[in-house]
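Take a look at the structure below.
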Amino acid sequence: FYGKLIFELSRTGRTGYSLPTCEVEATGCESLPASVKRTTSLHLPEADEQTVARHYTNMSNNNFGVDTGFYPLGSCTMKYNPKINEEVAALPAFTALHPLQPSASVQGALELYYEVQKILSEISGLSEFTLNPFAGAHGELTGLMIIRTYHQRRGDEKRTKIIVPDSAHGTNPASAAVCGFQIVEVKSTPDGTVDVEDLKPLLGDDIAGMMMTNPNTLGIFETKIPDIARLVHDCGGLMYYDGANLNPMLGVCRPGDMGFDVMHINLHKTFSTPHGGGGPGSGPVGVRQGLEAYLPNPRVVKNADGSFSLTKNGEALGSVSCYLGNYGILVRAYAYLLSLGRDGINMAGRLATLNANYIKESLKSHYLLPIDGLCKHEFVFDGLRPEYGGDHHDDGHVTTLEVAKNLLDHGFHAPTIYFPLLFHEALMIEPTETESKDTLDEFIAVMKEIAEEARDNREYVKSAPHHTPVGRLDDVKAVKDAIFKYDFN
Amino acid sequence: FYGKLIFELSRTGRTGYSLPTCEVEATGCESLPASVKRTTSLHLPEADEQTVARHYTNMSNNNFGVDTGFYPLGSCTMKYNPKINEEVAALPAFTALHPLQPSASVQGALELYYEVQKILSEISGLSEFTLNPFAGAHGELTGLMIIRTYHQRRGDEKRTKIIVPDSAHGTNPASAAVCGFQIVEVKSTPDGTVDVEDLKPLLGDDIAGMMMTNPNTLGIFETKIPDIARLVHDCGGLMYYDGANLNPMLGVCRPGDMGFDVMHINLHKTFSTPHGGGGPGSGPVGVRQGLEAYLPNPRVVKNADGSFSLTKNGEALGSVSCYLGNYGILVRAYAYLLSLGRDGINMAGRLATLNANYIKESLKSHYLLPIDGLCKHEFVFDGLRPEYGGDHHDDGHVTTLEVAKNLLDHGFHAPTIYFPLLFHEALMIEPTETESKDTLDEFIAVMKEIAEEARDNREYVKSAPHHTPVGRLDDVKAVKDAIFKYDFN
Amino acid sequence: MHRYFPHTDEDIRQMLDLIGVKSLDDLFAEIPEELKLKGELNLPEGKSEAEIRSIFARLSAMNKPLTCFAGAGAYDHYTPSVIPYITSRSEFLTSYTPYQAEISQGTLMYIFEYQTMMSNLTGMDVSNASMYDGATATAEAMMMTCAASKKRNRVLASGTLNPAVLDVLKTYAHFHGINLEIVPAKDGQSDRKSISAKLAEGDVAGLIVAQPNYYGIVEDFTGLADECHTQKTLLVITGPASPLGVLKSPGEWGADIACGDAQSLGLPLNYGGPYIGYLCVKSALIRKMPGRIVGQTEDTEGKRTFVLTMQAREQHIRREKATSNICTAQGIMCLYVAIYLSLMGPKGLVEVNDISMKNAHYLCDALVGTGHFKLTYDAPFLNEFCLTYDGDVDALIKKCAEEGILAGVKVDNNKLLVAVTEQRTKAEMDLLVSLAK
Amino acid sequence: MHRYFPHTDEDIRQMLDLIGVKSLDDLFAEIPEELKLKGELNLPEGKSEAEIRSIFARLSAMNKPLTCFAGAGAYDHYTPSVIPYITSRSEFLTSYTPYQAEISQGTLMYIFEYQTMMSNLTGMDVSNASMYDGATATAEAMMMTCAASKKRNRVLASGTLNPAVLDVLKTYAHFHGINLEIVPAKDGQSDRKSISAKLAEGDVAGLIVAQPNYYGIVEDFTGLADECHTQKTLLVITGPASPLGVLKSPGEWGADIACGDAQSLGLPLNYGGPYIGYLCVKSALIRKMPGRIVGQTEDTEGKRTFVLTMQAREQHIRREKATSNICTAQGIMCLYVAIYLSLMGPKGLVEVNDISMKNAHYLCDALVGTGHFKLTYDAPFLNEFCLTYDGDVDALIKKCAEEGILAGVKVDNNKLLVAVTEQRTKAEMDLLVSLAK
C-alpha cells in the first residue's frame, strides 16, 4: 500500500468535512475588501472521510514505532509509552481549556503543572523548574539564557564563553551560539571522558559556564565531575547539565548533587511521553537555589490558601513561550511519574543500565568496543570488528550504515549511527528498561548473524535493506533535486 | 512479525497489571472453604505491558479491515465506520453506566434508545422496534418468536411452518428451527426470484409465515413482493423481512410498505457500526401496528412528562436479553443516523446500487453473470467465464476460491464465495456506497487481470495467495487435528 | 456530497453511462411504483461532527454514572488502558468474520488465545469463540443438553440463577419446546434435595446451576456431577468469569458445560452491553457446541496458522436441522478478554478477586454494623452479598443515587444485593455506610 | 516488578552473571560514593491505573472548560474525529525522528504533505517540517532575517503583533544580539508612516507584521513588500493559519517569510500546547531556513520516496556557527494539520472562515447593540474583533466564566478581544450578549 500522496487521491468535488449550519445572517468573507482577499487557488486535497482514513492508516503501516519492536536508538531513550498516559491526556477537562482562561477555571491544570515541577525538583536535586520549554534544545537555550541572565544581573558582562566537550550533543554548541555565546571545546581523554587537564587552561573570567551530560554521549559516567564542577565554579562559571542522558541516573545520582546549577530534562525521553515522529517534546529546565528568579515567565505558583496562580516575574529572563509550553505533554509525564512512583523511578535507570551492559558484553566479540568497562544506559561500538568485515583500511568494508540497514530487515529499528563524532563508525546503542531479556537476546543474535554475514556474504549485507517497504534511499538525489513539495502540474 | 502466541511470550514473574492497594483489613480469598477453592493452576500469560501492547499491535498487522482497503464481501455491507461514532461511544457518561441504575440516572441513555427506535420505524415503515437483539440472527429469532406469539395468542396453535426461499441466508431456516418451526423451502425461478407458482401450493393454515429478504441474496429486487405478501396474508401468515439487504432500499422502498409485518435490521451492516472481527452486532426488530405488544422485554417508553422509563409488558414474548442488548452499538448507530440525516440516508442505497451495477457491467465480460439486468446493492457471478479458465467441465478450471485468493494478493478483501448455494462458483460482490469510483476501477482492473492470468498463467493463479502474511491454509488438517487451544506442554 | 460518500457528479455520470441508465432513480426502474416511497423520509437533516458532539454532550448530561456497588451479573472492574487502545485499531475493529484466513490471522489468533484462556479458566476441554452474553450462552447450553441427549427435553435450572437470566432461559425454552423447570432456591442456595429427586426421575437432559449464584453465594457442588452423570444428565455451571481465578472451576466440579458472562474480565459496564458470553465444554460435546470455533492448522509452508473450523456444525450448512442459529461470535470482545487476561496473568486475577473480596467483606461488616442490615444468608461469598434491610430498598437506592452512589441491586422490597470490586475505595465504602445509617 | 519492566528475577541474575557483576548497584560501582543518592527519593509510591484515573478525575473536576469566545492566537475550531484516531496509532505516535527512511515513510510522507499544504496556503516556495509554535517560529524568522542579511542586526516588529509573541521575540532578540524595535500600532494597525521612515534608514534586516493582527484586523499591506525590498529588508508576515484560506497570502503580499501558528487548523486548545509553528520561505532563503525538511528522492528501485534532507543546514553539523538550535519539528502535529486540510479541502477551509466570520459579525453587532460596547477600531475583521467596554473587563470575564462562558481576552481594563468560530451556536452567542447587557 505504499505510494500515493493524498494529493493524488484528490478528486474535484469530494468533501470530507462537516460544518454546522450557519444560524445567523451576517457579513461573510465575500464582503472583505478585494485588496486583502486571496486570489490564488488553494491546492488542497478534496477527499471523502474514508479515503483520508485509509490513506493515513496505510501510511502508518510504513512506519516503525516503539509498539512495533525494539528501538535501540542511542541518545533517544525510546521506552514504552504507556496507554494510560494517552488516555488521561485526552480528557476534555484538559484538552478543551483555552490558555487564557481565568485561573479559577483551570486550578486542576495548574496543580498538575506545579506537581510535575516538584517531582522533577526531587528527582534532579534542584530547587525549581519551569516546564515551559517546548523541547530539549529549547530547554538548553532557556537554561543558557538563565546562565547569561545570572551573569548579566551581577553586572558581569565579560563572560561570553561556554565550554562544551567534544563528545557533546550537537545541540549544545548550537544552543550556546543562539544564546549569543562563543563556544570553547574541551577534549576527551582516551576513555571518552572530559580531559580535566585540557579543561583547566580554558577556565577564566570570560567563562559563563560549562555544558555537560553525565553519563556522557558514550554512556560513560564522568567520575571527575566533582573536580570539574569545582573548577568551573571556582572560575565563576555555572555548570549546565544536558538531561538527555538522565535516564540511568534516576534514583542513583542527582545532577544537583553532582554540582550542576542548571539543567533540562527531556520528558519525551526520561519520562516516556511519545516521540511523535519527532515532536512535540518538552524540555523542563531546573535551577539550583538562588537562580529561581531567572526562570522564564509565565510561572505557576501556589498561594497560601492552596490555590494556584499564573504569575509573571520582573526578574525573569523574559518569556520563551506564550503560555505553559507543550502542556499536553506535561499531562502524560505526570501520569507516568505517578505510575512509576518512588520504586519505579528507582528501578528504571538500573534496569536500563543492566540492559546496556548486557548487550555490550554480549556483542563485543563481534563489534569493536573502543572503550571498555561499565557503561550506563548506552554505549558505542566503532563498527564491526575487523575479522567480521569491519576493517576500516579495507575500502569495501561493511559500514555502520550497512549494519543499520540490515537490522531493519530483521524487524529492529537501528541504533544511532555516526554519532558521537569521536569514532568513524559509531554505532550507539541504547536499550531502555522496558525491553525484556528475550528481546535483547533476539537482538544480540541478529547482530551476530549480521556480523557473520558481513564476513561471509558481504555483498548481500551491503545491499540491505531487502525487506522494508522501500529500498535504500538516494540521499544525494534528495539534496540535488531539492523537491520539498508536491508538484501539482 | 507473524508467529508467536501470547503464551509463548510469557515468562514466570512478569506482570502487566496494576491494582489499587487494598485499604481495608478483611477476609480474603484464602478464607474461602477449601472445598470451593480452585486447585488447578491458571495457565494465563505472564507479561509486562509493553510485551502485550506489541504483541497485539503486531497481530493487528496481519488483519484486513475496512480502513485497510476495499472489502466487497457480499451480504455483509462493509461500509466505512466513521470515527465520530467511536468517539461518542467512548463517552464515560455512557460506558460507565450499570444496566441496573435507576431510570432517573440514565435518561440520556434511554432517550437515545427511544430515538433510534423512532428513526428505524420511519426508515422501515413499521410501527415499533426493540433494539434488544444482539445480532442479526438473534433478531431473526426474536422476530420469529413474535410471529409465533402472535399466532399463539390468537389460539392458533397449528401454524408450525415457516416458508423460506432456497436462496435465503442460512440463518433463516436455522432461526426458524431454533424457534420451534418446521421449514418449508420455496424454489426460485431462473431469474433468481421467488417462484410464486411454487409458493402457492405451500400455503395453508399450518403456515405461520414466510421469511424473505428483498432484494434477495442475488441482489435482485423481488418485484412480485406485493402478490407474495397478499398470498401469505390471505392464508393467515405473517411476512418476515430479513434486513440483511436493507441498504439499497434506504429511502427508496420501505419493508413496511412492501407488506412485511416483522423485520430485523443489522445495525452493523446498514448503519455502519463496526463488524469487530465478527461482533458485537445488533439486530433491532420492528413490527407493524398491532404486533407491538409482543416485542420482548425490557422496553423503553416515553412518559407524558417527556421522561423515559424501562418497562416490562406482560403481553411480550418474554425476554431475549437481560438488558437493552448491545447498547454500545446503538450509540454508534445513533451517531451515524444523525450524521447521514434525511439526505444521506436517501443517497446511501442509491450510491451502493450504482456501485454494484457499475462493477457488474464492467466485469461481465470476464466473469459469468448468471442473471442479467439491474441488481441492487450486490450481485453474484458464477465464477470465471469459460474462456478465462472458468469452464466447470475442465477438472483443472480456476475456481472461485482461487480467484478470491488472488484478490488478497492485490490488496483487496475477497467477495463472499460459494453463497448463495444456487450456483457452483458463486462470487457475491457487494461494494458499498463509501467506495469511490477510483477504488472500483482498480478492483475492476485487478479482477480482469486475474481473469487474464487465469487464462494465461493458470498455475500461478491456482497457487495464490503469494503475498499475504501466511500462505494458503490447510482447512482439512484443522478439522482432522481439532486443536482448539494452545498446548502448554 | 456527504463526507461519507466519495462520488463526484462526474463519477456518477460516467458510471450511469456505463451501466446504460440515465439517473440514479432509473437503477430502481423495475420496482413497482406503488412500492416506492412517496416524498421524503421524515428525518432531520444530517448533522456535522460539531453538532453531533453537542447532542451527545446534552445526552451525557442527562446520564449520571454512579459509584458502583451493583453487580447482579455486571461488575465494575477496571479496564486496563491498553485494551481500548488496541481494540480500536481499525484492522481489528473494522474487519468482519475471518473468512479469508490468510489476511485475518490477527482475529484468528486472538480468538485462539481467548479459547485457550477460557478453556483453562473453566477447566474444560474446549471453548468456542464466544457468545452474545451470559444469558444467551446459558440458553444455548440449555438447548445443547437436549440436543446431546437426543430424546430428552426436560431441563432443570436452580432458582439461584440470576432472574434476568432465568427470564431468557424461559423464553428460549418456550419456543424451542424445552420443559424448563426452575427448582426454587433454599436458603439462597440450590435445593440439592429437590434437585436430586427430580434427577432421579431419569428424564432430565440438563441441570443448570450458578456459581457464585445470584445472591453472591459460593455453593458447594460436591457430588453433584456424579449424581447428574449417573442419570445421564449433563451438568451446566454458569456464572461470571472473573471468580474462576480463585473458585473451583466447572471442570473441577465435573461439569459438562461451563458458561456465563466474561464481562467481569475487564469489559466496561456499557449500560448492559456489549458483553461476552463464554461457552466451554468437555470434548465429548464439541460437535454439539454452537458458535464459531478457531482451530490450528498449517499453511502451504508448514507454518502454524489458524482458521475457522468445524463449520459442519454451523447453521449455514445444517440449515433446517439447526439447534442453534448463532453465526457470529462477540468478536472484538474476545480481544478485550484476551488482552485483559494477558495483562492480569494468574497472579493478577487472584489478586483482583482477593481485593474485591476483602472490600466486600469490609463493607458487609460495616453495613451490618449500622444495625439496619443483616446478611440474608449465612454462606460464604466472594465479592457480592445479599442483605436484608430494615427499610425500603427503593428509597435507599434513590437516596444514595442522589449522592452519586449506586448502592446495589434491589432483590425485593427489603433485600439488597451489593457487589464490590477492587475499584472501590475505603472512602467510597464509608460514604455508602454513612448514607445507609 | 512494575508493569512497565519486563525483568524477572531470573533474567536479572543471568544478565548480571554475563556482565560479571553481583548486583544492580554494582553497575554503578565507578561512581564516587559521595555523589550517590543517600536514602530514597521523597516521592509517593507508584499508582495503579484505577488510582491514576481517580487522581485525574479530581483534577478534571477542578478545571472548567468554557464556551470559548477567546482567541488571541488560539482558536476553538472543530477537530475532525479522524484526526485523534489516526494520530494515536502507535506507528506514528511512538516513532522518533525518521532517521531510518526505509521504515519511516509514514512520517516522511505526512511531513512532505504538510510542507506542500503549508507552502500552498502561504503562497511561499517552501515550508519546513514545522516549528514549536507560532511565537518561536516568528522568533526564528527574526533571526533568519539577520542571518540572511549577514551584516544587519536591526529588526522591526509592528506593535500589532500579539503581545505574548512580542515578549518571546524580545527574549530571543536580547540574547541573540538583535536590535528589535517595536513600532507602536496606530489605530490598531501597523503604523506605515513610522515603518517607512525606519526602513528608509537602510539598516533594517527584517520587518515583521501580523495578519490578521492581534486586534483581529485584516490589514492592507499594499506596497509594503516593495518598500522593504528596495531597502534589502526581508518582509515577514506572521499570523494564524486558518485565515490563509480566504486572505491574501504572504506570498501574494510579496513576503519573504511566512510564519505563525497552525493551531487553528484543527488542533485542540490543549491549554496552550502542543500547537505547531509554521515557517515558509521564498526559494532564496531555503538554506537559511531553520528546522527539519523532507525532500523527495528515489529508492534503489527508482520508486519515489521521501527523506530528511538538507541537513547541512542543521545545528548538528554546523554546531558552533548555528543560527538556530532547532533539531526537531512538532512531528505528530504536522499529521494533525495534514489530515485536517485533507478533510477540509479548499471548499471547507473557505467555509469554516465564512461561518466564523458571519458568527463574529453577528456577535459584534449584537454586543455593540447592547450599548455597552463599541468597536475599538473601524477596520475590516474576519472572526476576531476588539471592543471597548463601558465597564470593567475583568469583572465581565469573571461573571461570564461563572456562567460557563469565556467572554474573550482582556486587552486592557476596558478593551476585550472576542473571537468566534464555526463551533459557536447562536444560542451561545445570545447568552453572551445577555450576560453582557
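Just the heavy atoms: all of them, side chains too, but no hydrogens, waters or symmetry mates, feed the values below. What you see is a predicted model, and the numbers here were worked out from it, not measured in a lab.
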About how many Å separate CG of Leu382(C) and CG of Leu32(B), when rounded to the nearest 0.5 Å?
-> 6.0 Å
Any chance the side chains of Arg89(C) and Ser60(B) put a donor and an acceptor closer than 3.5 Å?
-> yes
Using modelled atom types only, decide if a donor and an acceptor are shared between the side chain of Glu252(C) and the backbone of Thr40(B) within a distance under 3.5 Å.
-> yes
Return yes if a side-chain donor-acceptor contact under 3.5 Å exists between Glu351(C) and Tyr17(B), otherwise no.
-> yes
Do His55(B) and Glu113(C) get their side chains close enough for a donor-acceptor pair, meaning under 3.5 Å?
-> yes
Is Glu102(C) salt-bridged to Lys405(B), cutoff N-O under 4.0 Å?
-> yes
Would Glu25(B) and Lys358(C) pass as an ion pair if we require N to O under 4.0 Å?
-> no
When rounded to the nearest 0.5 Å, the distance separating CG of Asp474(B) from OG1 of Thr305(C) is 8.0 Å
Would you find a donor on one side and an acceptor on the other, under 3.5 Å apart, between the side chain of Asn63(C) and the backbone of Phe94(B)?
-> no
Say whether Asn326(B) and Gln330(C), considering side chains only, have a donor N or O and an acceptor N or O under 3.5 Å apart.
-> yes
Step-by-step side chain to side chain donor-acceptor pair (under 3.5 Å) determination, Tyr271(C) to Thr95(B) | CA-CA 6 Å; Tyr271(C) 199 45; Thr95(B) 62; over 6 Å; no
Classify the angle between the aromatic ring planes of His275(B) and Tyr96(C) as parallel (below 30°), tilted (30 to 60°) or perpendicular (above 60°).
-> perpendicular
Roughly how far, to the nearest 0.5 Å, is the CD1 atom of Ile55(C) from the CD atom of Glu111(B)?
-> 10.0 Å
Just by modelled atom types, is the Asp167(C) backbone N or O under 3.5 Å from a matching donor or acceptor in the Ser319(B) side chain?
-> no
Beyond-backbone contact of Leu269(C) with Tyr327(B), side-chain heavy atoms, under 4.5 angstrom | no
Pair count under 4.5 Å, heavy atoms only, with chain C: among Leu317(B), Thr416(B), Asp475(B), Asp257(B), highest is Leu317(B)
Candidate pair Thr425(C) and Glu23(B), rule side chain to side chain donor-acceptor pair (under 3.5 Å), full reasoning = CA-CA 7 Å; Thr425(C) 63; Glu23(B) 301 172 284; 4.6 Å; no
With no hydrogens and no angle check, do the side chains of Asn63(B) and Thr107(C) hold a donor and an acceptor under 3.5 Å apart?
-> yes
How many angstroms lie between atom SG of Cys29(B) and atom CG of Leu247(C), to the nearest 0.5 angstrom?
-> 7.5 Å
Once you round to the nearest 0.5 Å, how far does CZ of Phe5(C) lie from CE of Met347(B)?
-> 7.5 Å
Thr94(C) side, atom OG1; Lys79(B) side, atom NZ - distance, nearest 0.5 Å | 14.5 Å
Glu45(C) atom CD, neighbour heavy-atom count above 12 within 6.0 Å | no
Please check if any side-chain donor atom of Gln101(B) sits under 3.5 Å from a side-chain acceptor atom of Lys64(C), or the reverse.
-> no
Assess the side chains of His7(C) and Asn355(B): does a donor N or O sit below 3.5 Å from an acceptor N or O?
-> yes
With sequence neighbours excluded, what pairs up with Lys485(B) under the salt bridge (Lys or Arg N to Asp or Glu O under 4.0 Å) test?
-> none
Do Thr68(B) and Glu91(C) have side-chain N/O donor and acceptor atoms under 3.5 Å apart?
-> no
Going by distance alone, is a donor N or O of one side chain under 3.5 Å from an acceptor N or O of the other, for Tyr132(C) and Ser321(B)?
-> no
State which residues pass salt bridge (Lys or Arg N to Asp or Glu O under 4.0 Å) with Lys36(C); sequence neighbours excluded, sorted by chain then number.
-> Glu33(C)
Counting heavy-atom pairs under 4.5 Å to chain C, which of Ile123(B), Leu351(B), Ile119(B), Leu91(B) comes out on top?
-> Leu351(B)
Main-chain N/O of Asp25(C) paired to Arg350(B) side chain as donor or acceptor, under 3.5 Å | no
Sub-3.5 Å donor-acceptor pair from the side chain of Arg38(B) to the main-chain atoms of Leu244(C), do we have one?
-> yes
